[in-house]
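Below is one structure, written out as structure tokens, with a few remarks after it.
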Amino acid sequence: MKVRMPRTPAEAEAIQDELRPLLDLTGPGPLRPATVAGVDVAYDGDRLAAAVAVLDGATLEVLEEVTVTGRTAFEYVPGLLAFRELPALLDALERLTVVPELVVCDGYGLAHPRRFGLACHLGVLTGLPAIGVGKTAFVGAYRDPAPERGSWTELTLDGEVVGRVLRTRDGVKPVFVSVGHRTDLETACRNVLDLTPAYRLPETTRVADRLSRATLAGDR
């Protein structure tokens, strides 16, 4: 499914509302995915570099990397970031020779004002299981989890659970996990813990972030 590009923020919100019913949130999703992709986008003004890194789900060895450079396709509006990034990210995903069993987005899924963040949008368009792992809380209320790795609390928005606040390292700031497509929250958190053996952020995100920044720097 190709991304539909809006002309205005109102059109963008309408597209999100139209696609939301296509989400599969029943899970359980891939319990031990053999391949996991991280996606990230780096910016320099209106220039961008979208990166996809596929890692072995067990060893976290990098199996494949793809980058795409280009220009932002939509203005920056909070809650509509996906429309800036999706054209380049989808292009990069289509160039992969390894089909990932799970996609980890540096951002949000259901933890979004309209319950349709980047992980949801990307999952619906590609059909791949997808989750969002944010560095900060975009929306919602929560209590800090206990300081031990693996501790978590609910992230709620308007009385609805939209994610978990998950501690991936002892005594280190938590991450914000939300479901995107074709997985459930419990499975998403298990996968995030498997992807964080040494650092706060998933290895998929760390590799994709370095790749996008390096590509952008080299494309000047």
Side-chain angles (χ1 to χ4, degrees), residues 1-5 19 23-24 29-30 32-44 46-74 80-109 112 116-135 175 177-183 187-188 191-192 194-197 199-219:
M1 189 182 298
K2 292 186 177 180
V3 60
R4 291 164 48 200
M5 292 306 299
L19 294 177
L23 289 174
D24 176 358
R32 293 178 179 82
T35 52
V36 186
V39 300
D40 201 9
V41 178
Y43 292 93
D44 180 12
D46 68 344
R47 297 172 54 250
L48 63 78
V52 179
V54 181
L55 276 59
D56 183 291
T59 66
L60 302 185
E61 175 189 357
V62 178
L63 302 177
E64 187 174 12
E65 296 177 335
V66 174
T67 59
V68 170
T69 58
R71 301 283 176 177
T72 56
F74 194 73
L80 302 178
L81 184 63
F83 291 98
R84 288 170 66 85
E85 301 188 346
L86 275 171
L89 283 176
L90 290 174
D91 188 0
L93 283 165
E94 288 175 356
R95 299 185 189 193
L96 289 174
T97 62
V98 177
V99 178
E101 295 182 6
L102 176 68
V103 179
V104 179
C105 298
D106 178 25
Y108 309 93
H112 180 274
F116 202 76
L118 174 63
C120 297
H121 207 147
L122 187 148
V124 166
L125 293 183
T126 64
L128 297 171
I131 63 174
V133 182
K135 302 179 186 71
V175 297
V177 182
S178 54
V179 169
H181 185 55
R182 292 185 58 201
T183 188
T187 303
N191 282 318
V192 171
D194 287 343
L195 292 168
T196 53
Y199 297 96
R200 174 187 176 227
L201 296 178
E203 285 301 306
T204 42
T205 298
R206 287 164 44 80
V207 174
D209 174 73
R210 289 196 300 266
L211 182 59
S212 64
R213 293 175 186 272
T215 300
L216 193 60
D219 192 47

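- Take Val98 and apply the side chain to side chain contact (heavy atoms under 4.5 Å, CB included) test, not counting sequence neighbours, and it matches Thr35, Val54, Glu64.
- Under a cut-off of 6.0 angstrom, the local environment of CZ in Arg210 is crowded, with over 12 non-hydrogen atoms contributed by other residues, nucleotides or ligands.
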Would Tyr43 and Arg213 count as a side-chain contact (heavy atoms from CB on, under 4.5 Å) if you check the C-alpha gap in whole Å, the side-chain angles of each, and the deciding distance to 0.1 Å?
CA-CA 8 Å; Tyr43 292 93; Arg213 293 175 186 272; over 6 Å; no
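- Taking the side chain as every heavy atom from C-beta outward, Leu118 and Tyr108 never approach each other to under 4.5 Å.
- Using a 4.5 Å heavy-atom cutoff, the side chains of Thr67 and Ser212 are not in contact.
- At a threshold of 4.5 Å between non-hydrogen side-chain atoms, the residues Ser178 and Ile131 do not count as touching.
- At least one donor-acceptor pair closer than 3.5 Å links the side chain of Arg182 to the backbone N or O of Gly127.
- At least one side-chain heavy atom of Leu90 sits under 4.5 Å from a side-chain heavy atom of Thr126.
- Evaluation of the ring pair (Phe, Tyr, Trp, His ring centres under 6.0 Å) test over residues 49-71, restricted to residues two or more places apart or in two chains, returns none.
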Kindly indicate, with the supporting measurements, whether the criterion salt bridge (Lys or Arg N to Asp or Glu O under 4.0 Å) is fulfilled by Arg47 and Asp44.
CA-CA 5 Å; Arg47 297 172 54 250; Asp44 180 12; 3.0 Å; yes
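- Closest approach of Pro100 and Leu128 over heavy atoms only: O-CD2, 3.6 Å.
- No more than 12 heavy atoms of other residues, nucleotides or ligands shown are found within 6.0 angstrom of CZ on Arg32.
- Taking 4.5 Å as the limit, some side-chain heavy atom of Leu55 sits within range of a side-chain heavy atom of Glu203.
- Between His121 and Phe116, the ring planes are tilted. Angles from 30° to 60° get that label.
- Note that CG of Leu19 and CG of Leu125 are 6.5 Å apart. Values are rounded to the nearest 0.5 Å.
- Here the shortest heavy-atom pairing between Ala208 and Ala53 reads N-CB, 4.2 Å.
- In terms of modelled atom types and a separation under 3.5 Å, the side chain of His181 and the main chain of Leu23 share no donor-acceptor contact.
- Arg71 is not listed as a side-chain neighbour of Leu48, based on a closest heavy-atom distance of 4.5 Å or more.
- Contact of the Val133 side chain with the Leu195 side chain is not registered, since no non-hydrogen atoms from C-beta on lie closer than 4.5 Å.
- Closest approach of Phe83 and Met5 over heavy atoms only: O-CE, 3.2 Å.
- Residues Ala58 and Asp56 approach most closely at N-OD1, 2.8 Å, considering heavy atoms.
- Here CZ of Arg200 is found 11.0 Å from OG1 of Thr196. Values are rounded to the nearest 0.5 Å.
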For the pair Leu122 and Leu93, evaluate side-chain contact (heavy atoms from CB on, under 4.5 Å) and give the outcome as yes or no after the intermediate values.
CA-CA 10 Å; Leu122 187 148; Leu93 283 165; 3.9 Å; yes
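- Here the CZ-CG distance, from Arg206 to Leu211, works out to 13.5 Å after rounding to the nearest 0.5 Å.
- Judged by distance alone, the side chain of Asp209 and the main-chain N or O of Thr205 form no donor-acceptor pair under 3.5 Å.
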Salt bridge (Lys or Arg N to Asp or Glu O under 4.0 Å) between Asp106 and Lys135, worked out
CA-CA 8 Å; Asp106 178 25; Lys135 302 179 186 71; 2.9 Å; yes
Residues Val104, Val39; criterion side-chain contact (heavy atoms from CB on, under 4.5 Å); working and verdict:
CA-CA 7 Å; Val104 179; Val39 300; over 6 Å; no
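- Within the model, atoms CG of Leu86 and CZ of Phe74 stand 12.0 Å from one another, a figure rounded to the nearest 0.5 Å.
- Nearest approach of Thr183 to Ala188, heavy atoms of both residues: OG1-N, 4.1 Å.
- Of all heavy-atom pairs between Ala51 and Leu89, the closest is O-CD2, 4.2 Å.
- Contact of the Thr215 side chain with the Thr69 side chain is registered, since non-hydrogen atoms from C-beta on lie closer than 4.5 Å.
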Can you list the steps and then say if Val52 with Arg95 is a side-chain contact (heavy atoms from CB on, under 4.5 Å)?
CA-CA 10 Å; Val52 179; Arg95 299 185 189 193; over 6 Å; no
